[in-house]
Amino acid sequence: MSAASVRAVAVDAATRRGGWIPDIDARLTHLESPVRDVLAPSLEALADADRITLVPDAHYPFHPSSGMVTDPAVIGSVVAHLERETDAEIAVAGASDDRISFDRTADYLGYTSLLERFDATLVDLADEPRLDEVCSVDGTPVALSVPERLVESTVVVVPSLRPTAAGPVAGAMRTLAASIDCDAKPARVPVATRPIVNPAVAVIDATTAYGGEPVAADVLLAGEPSAVDAVASSLLGRSLEADDALKTVREDEEPVTVEGDVDFDRLRATIPDGDLPPPDSPHPAVSTAYRVYAAVAGDAVPPQLEGSR
Amino acid sequence: MAPTLLNRLTDSSALSLGILGVGNIGLVHLKSAAVMSGVDVVAAADAVPENRDRAECAGVSRTYDDYTTLLASEELDAAVVALPPFLHADAVEQAADAGVDVFVEKPLARSTEEADEMLATAREAGIAVGVDHTLRYQPDMAGVKTAYDEGRVGHVPYASITRLNDGPLGRPPAESAPPSWPLDRDAAGGGSLLELGVHCFDVLEWLFGELEVRDASMGRTLEVDVEDAATVLMDAPETGTTVTLHCGSYQWEQLPEVNTRLRLEGVTGTISNQEHLPENFYAGAAKSALSNVASRFTRDEPDVFGPTFYLQAHYDALADFCNAIRNDEEPPVDGADGRRTLALAEQAYELAARKRDAGADGLETPEVTL
């Protein structure tokens, strides 16, 4: 596959009622053919691997029909395909963070029970041995602590198609960067990670996308991580110029072409370009105004409107 | 309630109150009580240091890292039990030992069996038990009841209630660590039906009298230990009304929008709680705020949490409890009411389990719908 080419494969929705198939077995069946097709150009690179690590967007147990996480059925289909086509030892990886343990997220999302039907294992990258590395971004050294597994195994990153809270697309590079410890600014981490963790392929799960609201986009996209991120960014209506990480990585690259049986313009029109919902914490001005009102009126300030003082 | 209740009140004319648990709802109770006439919040307890800090910021002079020490150290007239359900029975038992009346957050207990033991302990100690069932205190629900009792739509053969929110996992962006106990059956006693459904049972029996559960189904949209969706079919023999209840913690909630829908389908029309809410939340909130500011000059009491009606309901429920204790009366929503909601939930769980075991269809939804 050319570095500037992304493969798009449609997921047949003709037999589906509504935007979501609740039964995971039915989704696995539904995804078998599209997953095979989208991975076909990468199979040669994956076939020789001893160890393959799949990194889905499993950052929090949001329901997969929201588009906010990778559908575990997509991961199940990829695992099934790779177990058929390779002899590699396969792991599905996520990382605990200060909000929630990966074990808990994996349980709630169904990864734990899903992987019981395969030989693949579930690993928490937060518990894995790490390598300390130093990279240069724009001439500035950046220190990273990277899970050894991501450096020493063949990585397949499988992000969802959604924005981050900050606005840019979550994408392949940021999904990988989420498990890497680094003191640099958030926009630099995906750039610094790139020379150290080099996925064989990135597969964007756009079966359901989120752009302010979910939509059944019914497509999988695969290619080099920054290329699929550029396509994902375009699908979510984001400008590459506004994404510092993507701009840095792709500034010397050729434009990306999308190949496959998908009407890209129609897809772009289908996927909304909105943001995540606003955070629960109120705007500081609202908190201040409410406190003033409460002081004048003798009312109490609801805890939800306190804000940080 | 023991006839000696008034003698137990502290020398001060104010009701001396302790708050056991100052997480989300506990802090609402604390803030409500702090501005309540005739109530003195003397102490709060919470195992989480950040929660104790917030309580201190809210004006509590003494905080404790466990409720046992608070109950042993303070002279209280009453305590608010806003702890996770698995601690309710122990907290009530210790309050009973100290002779302190309790206002218990819902669900009263994790089961009717646990509630029975709790209420027996309270009875023996002569303490009063109130339960925080707040839907009936909301202005929209009160509006529905008034219209219904006035016969505004004639006979009501069918009613439905829906209550949905996003439960402990919340919605994006994920900002904080979700508590684990609400998704642990041993700790919480159940899922959405005990978290949200018990409120619905309470308001439905307040409207229609005693309910009989006919059918139920439980669903899970994630692989969690408890149901995050529950649907219950009931009859209300006294009013001849068939009632459906659906509650769930699977839907993203963005306050101030709250998805609580009550509809009474009558012979001449429909009574909906939506008709008794401000058309625009912010306009309603602003009007309430202005009214409260004006009350400062007319020396009237403000409507506490006036701009947020669902929090105002918590204030009113606690104020009613405190007034009942002060007047040596039974709390208006007491332990028997709380136990009744648990009994209905248990009947629903039992019917749903029986159907699931029998492989029946009907209302049954897929157990795991990831």
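Note on naming: letters A, B, ... go to the chains in the order of the sequence lines (proteins, then strands), and numbering restarts at 1 for each one.
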List the steps and the verdict of side chain to side chain contact (heavy atoms under 4.5 Å, CB included) for B:S180 and A:R104. CA-CA 9 Å; B:S180 56; A:R104 209 172 148 203; 3.7 Å; yes
Closest-packed option against chain A by number of heavy-atom pairs under 4.5 Å, given B:D166, B:V35, B:L169: B:L169
Are any of the side-chain heavy atoms of [X] and [Y] separated by less than 4.5 Å?
X      : Y      : result
B:P172 : A:R162 : no
B:P178 : A:Y60  : yes
B:Q254 : A:P278 : yes

Please classify the contact between [X] and chain A as side chain, backbone, both or neither, with a heavy-atom cut-off of under 4.5 Å.
X      : value
B:E175 : both
B:L311 : side chain
B:V28  : both

Determine, stepwise, if the pair B:L183 / A:Y108 fulfils side chain to side chain contact (heavy atoms under 4.5 Å, CB included). CA-CA 10 Å; B:L183 298 171; A:Y108 293 173; 3.4 Å; yes
Shortest non-hydrogen contact between B:P173 and A:P277, atoms and distance: CD-O, 3.2 Å
What's the shortest heavy-atom distance between B:A177 and A:D98, and which atoms? CB-O, 4.1 Å
Walk me through whether A:M68 and B:W252 qualify under side chain to side chain contact (heavy atoms under 4.5 Å, CB included). CA-CA 12 Å; A:M68 280 298 298; B:W252 295 357; 3.8 Å; yes
Would the distance check show the side chain of A:H63 and the main-chain N or O of B:Y250 forming a donor-acceptor pair, the cut-off being under 3.5 Å? no
Check the surroundings of atom CG in B:N24: do more than 12 heavy atoms from other residues, nucleotides or ligands lie under 6.0 Å from it? no
For the CD atom of B:E223 and the CG atom of A:L114, what is their distance to the nearest 0.5 Å? 8.5 Å
State the CG-CG distance between A:D107 and B:L222, to the nearest 0.5 angstrom. 11.0 Å
